[in-house]
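Computed over heavy atoms, backbone and side chain alike; hydrogens, waters and symmetry mates excluded. The sequence lines fix the lettering, A, B, ..., with proteins before strands; numbering per chain opens at 1. Given the structure is predicted, the values throughout are model-derived calculations rather than measurements.
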Number of protein chains: 2
Amino acid sequence: MKCETKKTIYLDNNATTLLDPQVLEVMLPYLTNKFGNPSSFHLFGQETSDALENARNTVADILGATNKEIFFTSGGTESNNWILKGIATANQNKGNHIITTAVEHHAVLDTCKYLEKNGFQVTYLPVDGTGLVSLDALKSSLTDQTILVSIIAANNEVGTLQPLKEIGEFLKSISDNSTVRRKIFFHSDTIQLLGKMPFNIKNLHLDAASFSAHKIYGPKGIGAAYIKLGTKIDRLLHGGYQEKNRRAGTENVGGIVGFGKACEIIKLYDNKLKQKLYQGLLDNIPDMSLNGSLENSLPNTLNLSFKHVEGEGIVLLLNAQGIAVSSGSACTSGLIETSHVLKAMNTDIICARGSIRFSLGKNNTEQEISQVIKILPPIIKRLRKMSPLL
Amino acid sequence: MKCETKKTIYLDNNATTLLDPQVLEVMLPYLTNKFGNPSSFHLFGQETSDALENARNTVADILGATNKEIFFTSGGTESNNWILKGIATANQNKGNHIITTAVEHHAVLDTCKYLEKNGFQVTYLPVDGTGLVSLDALKSSLTDQTILVSIIAANNEVGTLQPLKEIGEFLKSISDNSTVRRKIFFHSDTIQLLGKMPFNIKNLHLDAASFSAHKIYGPKGIGAAYIKLGTKIDRLLHGGYQEKNRRAGTENVGGIVGFGKACEIIKLYDNKLKQKLYQGLLDNIPDMSLNGSLENSLPNTLNLSFKHVEGEGIVLLLNAQGIAVSSGSACTSGLIETSHVLKAMNTDIICARGSIRFSLGKNNTEQEISQVIKILPPIIKRLRKMSPLL
């Protein structure tokens, strides 16, 4: 993978991924001569409208949904905002309590904080030391006001996988079995899960889920919301009649076609390179610890702490060697603050500040991983020598 | 302009435009090797972050704004939704009255209807027979609760230009001169104006304005909001710290870079081709009337009514000859309903139903216009022969 003329190693695939050349290829006609507005009645509109529906079918197929349940948005953040606000306000007459976790992405956390200022009560479920929520904690936080549960499928920083199926089955059982209880809607931010682990949306009993194309080798600026048929939800964007009159705005046809292709060519990872990276670093760096779980985790994500050093220092020195990793998530990495995820996991503060996320991708090679195992240990040694924390 | 192998004439540039090849060229690196997340700390992030800020500077320059006042969004609809909802809710403690017009795009109209359901009162200013609002009507609709005025700069269906400068100066004068009155924010949906007429945002005294890239030969799925420094506005999309912590979501870097280039290469129209088209059709078709004004109008937009025929019939028969026009706006053209704009202009219903919008673009030629002048008259004749309205 190249960036300028320097040889670089990109290990920040949870932040964003390289557009797959096959995806660009199918997008190009829609960035050139196939440019009509899909809402237009004429042939220019017809050909883009057809492309839109083909992409919708592909995305629906991959997720195990129907095409009536897929709505294109501008990305994962919009999907999360729309689903949470839209379900909350549309079902406000049935209750005002929402349950989520302390380890959500900011797009969910900050939306929940907004809802708290607008008449809703939100429970943020705690997690254990590996970042895992428990079904029991969820059960005991339910009230007769609970209308929505939102649980991140796979954490973007540490990769921990939540027991979505177990939670989905439980929520379904109370909706099915009770005569008086209203429906509790179940949403998941599945943005990091898609493309990395196999899953079928119906098996998880989800009512809504959020997706982003640029995390799966598709283009930036496009995402999708899965909204189960019959789900009561308000609009976020008002205006034209696009997306079955639920999401206004001229459709980003090139992006949508690219998203469809990115879904079609998903190639799941195994965790071999991650295992190799972990073992290699463990053998060569003392006082290193794993954040999260090695097994109950995304196969591409490895979050490590190096005692007595700052994460930013590691990022900068690796960067100087052409290796791209991140400390915290991309959305917060501009700020030097301790990750809310590691805090919720009760990670030792000295370790949390020295944490690095490696997120591998389909373009990484064994050779690149060997290179990192060679380059990182002396960097940690050097930083520890300078450390005011020691 | 080509679509498939058939020779076609595209006259629907208010719906969307062909991406300029120069725009695609600058986008391509950001759809290939320059793919980092701008929020990332490493070199991949740095190069896209730089590209983002360069594009912001270009857009700001073209508009006469500063780069701190430009925020990228997913398009015009998001910009309109954000600005109206964001200013309304952030200033709710000062008043709950909004003034707009009856001839706004649905992205403004439907957002206002949403706000009406959420505690706001909205006045929809009437227009005259050419689609023009009057400053006097605006003045007499002001109350001490008025916090926001939103006036479309140029109507997307008929092209009528509103007296923005006059309104802006008036609103500024009451904000400046009164000791007790609070600020009345002035927003304009300037989506159709940009790229067609010269304008400087500061001269219009706007506090906020909405823009879309795909109307000016840029990509779909990207837009911008101008928000004057010091304007109190809530967020629409919560989450990460992008766009100066005002609009969350990973930035659509390719789209943004393309939008910057599209702004940079804006080539204003004159109205010669529109005049030629109008005169040519007037000379050859009886019972034809102009909707709107020929002079106080976008130089590319011509909305005509043909008595006793349905607009959809004309669109379909022109389409069969490879000519793309629209009846109504693209966002509503899927539905057979009379345009709310023509209704507000008090257009005779029989004429309104037979209306067609020609919206010309920089790629149209004189030869194409001559072709339309030859092809349309027999189509109208044929449709009138079959008309149940006659």
**Fill in**
All heavy atoms of A/L18 vs all of B/T32, minimum pair found to be CD1-O, 3.1 Å
**A/S49 portion near chain B, given a 4.5 angstrom heavy-atom threshold** = neither
**Request:** Counting only heavy atoms closer than 4.5 Å, note whether A/L318 contacts chain B via side chain, backbone, both or neither.
**Result:** neither
**Request:** Using a 4.5 Å cut-off on heavy atoms from C-beta on, say whether the side chain of B/H214 contacts that of A/F35.
**Result:** no
**Request:** For residues A/G240 and B/H106, report the shortest heavy-atom separation together with the two atoms involved.
**Result:** N-CB, 4.1 Å
**Asked** Considering only heavy atoms, which portion of A/V325 lies under 4.5 Å from any heavy atom of chain B: side chain, backbone, both, or neither?
**Response** backbone
**Request:** Return yes if some donor-acceptor pair links the side-chain N/O of B/K85 with the main-chain N/O of A/L236 below 3.5 Å, else return no.
**Result:** yes
**Message:** For B/E25, is the CD atom crowded, meaning more than 12 foreign heavy atoms sit under 6.0 Å from it?
**Reply:** no
**Heavy-atom contact with chain A under 4.5 Å, split by part of B/S212** = neither
**Item:** Largest heavy-atom contact set with chain A, pairs under 4.5 Å, which of B/N80, B/T16, B/T73
**Value:** B/T16
**Prompt:** Counting only N and O atoms by type, is there a donor-acceptor contact under 3.5 Å from the side chain of A/N319 to the main-chain atoms of B/L43?
**Reply:** yes
**Request:** Please determine which of A/N81, A/L115, A/L109 meets the side-chain contact (heavy atoms from CB on, under 4.5 Å) test together with B/H238.
**Result:** A/N81
**Message:** Is B/E104 close to chain A through its backbone or its side chain, or both, or neither, when contacts mean heavy atoms under 4.5 Å?
**Reply:** neither
**Prompt:** Given a strict heavy-atom distance threshold of 4.5 Å, which part of A/Q46 is in contact with chain B: side chain, backbone, both, or neither?
**Reply:** neither
**Complete:** Looking only at heavy atoms, the pair that brings B/G36 and A/K220 closest together is O-CE, 3.8 Å
**Asked** Rounded to the nearest 0.5 Å, how far apart are OG1 of B/T89 and NZ of A/K117?
**Response** 11.0 Å
**Message:** With chain B as the partner, which of A/L31, A/V23, A/I323, A/D20 has the greatest number of non-hydrogen pairs under 4.5 Å?
**Reply:** A/L31
**Complete:** Rounded to the nearest 0.5 Å, the CG atom of A/N37 sits from the NZ atom of B/K215 at a distance of 6.0 Å
**Fill in**
Interface check, chain B: of A/L19, A/V253, A/L28, most non-hydrogen pairs under 4.5 Å belong to A/L19
**Message:** Taking the side chain as everything from C-beta on, heavy atoms only, tell me whether A/F44 gets closer than 4.5 Å to B/T8.
**Reply:** yes
**A/V315 portion near chain B, given a 4.5 angstrom heavy-atom threshold** = side chain
**Prompt:** Which atom pair, heavy atoms only, marks the closest approach of A/S40 to B/D12?
**Reply:** OG-OD2, 3.2 Å
**Message:** Only pairs of heavy atoms separated by less than 4.5 Å count here; which of B/G76, B/G249, B/P38 has the most with chain A?
**Reply:** B/G249
